[in-house]
Q: 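The following block contains the structure, expressed as structure tokens.
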Amino acid sequence: MSALQTLAATDITGSLGSIGYGLAAIGPGIGVGIVFGNGTQALARQPEAAGLIRANQILGFAFCEALALIGIVMPFVFGK
């Protein structure tokens, strides 16, 4: 294996990890937007249920963010 091939393989591996996490972060970002968008609609339609709606929003946000944290930790767990 030549030095150029070794350099290319090392560079591509690092870039793929960054690109992979960037793509993995799209899902939780969309999920957080959906959670808070629908929560805002629900609060506008039924303001007397604000406490329950807010609690469900926080729970949904926590689940979405957990996916992002798992995505950032996995490369370290399975890394070389």
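Source: prediction; values computed, not measured. The figures that follow rest on heavy atoms only: side chains count, while hydrogens, waters and symmetry mates do not.
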Q: Is Phe63 atom CZ crowded by more than 12 heavy atoms from other residues, nucleotides or ligands, each under 6.0 Å away?
A: no
Q: Enter the distance from Leu43:CG to Leu52:CG here, rounded to the nearest 0.5 Å.
A: 10.0 Å
Q: Shortest non-hydrogen contact from Ile53 to Gly39?
A: CG2-O, 3.8 Å
Q: Mind listing the closest non-hydrogen atom pair of Leu67 and Pro28 along with its distance?
A: CB-CG, 4.0 Å
Q: Side-chain heavy atoms nearer than 4.5 Å, only ILVMFWY residues, links allowed to pass through others: does that put Ile34 and Ile26 together?
A: yes
Q: Supply the atom-to-atom distance Ile58 CD1 to Phe36 CZ, rounded to the nearest 0.5 angstrom.
A: 7.0 Å
Q: How close do Val35 and Phe61 get, counting heavy atoms only, and between which atoms?
A: CG1-N, 4.1 Å
Q: Hey, what do you get for CD1 (Ile70) to CD (Glu65), rounding to the nearest 0.5 Å?
A: 11.5 Å
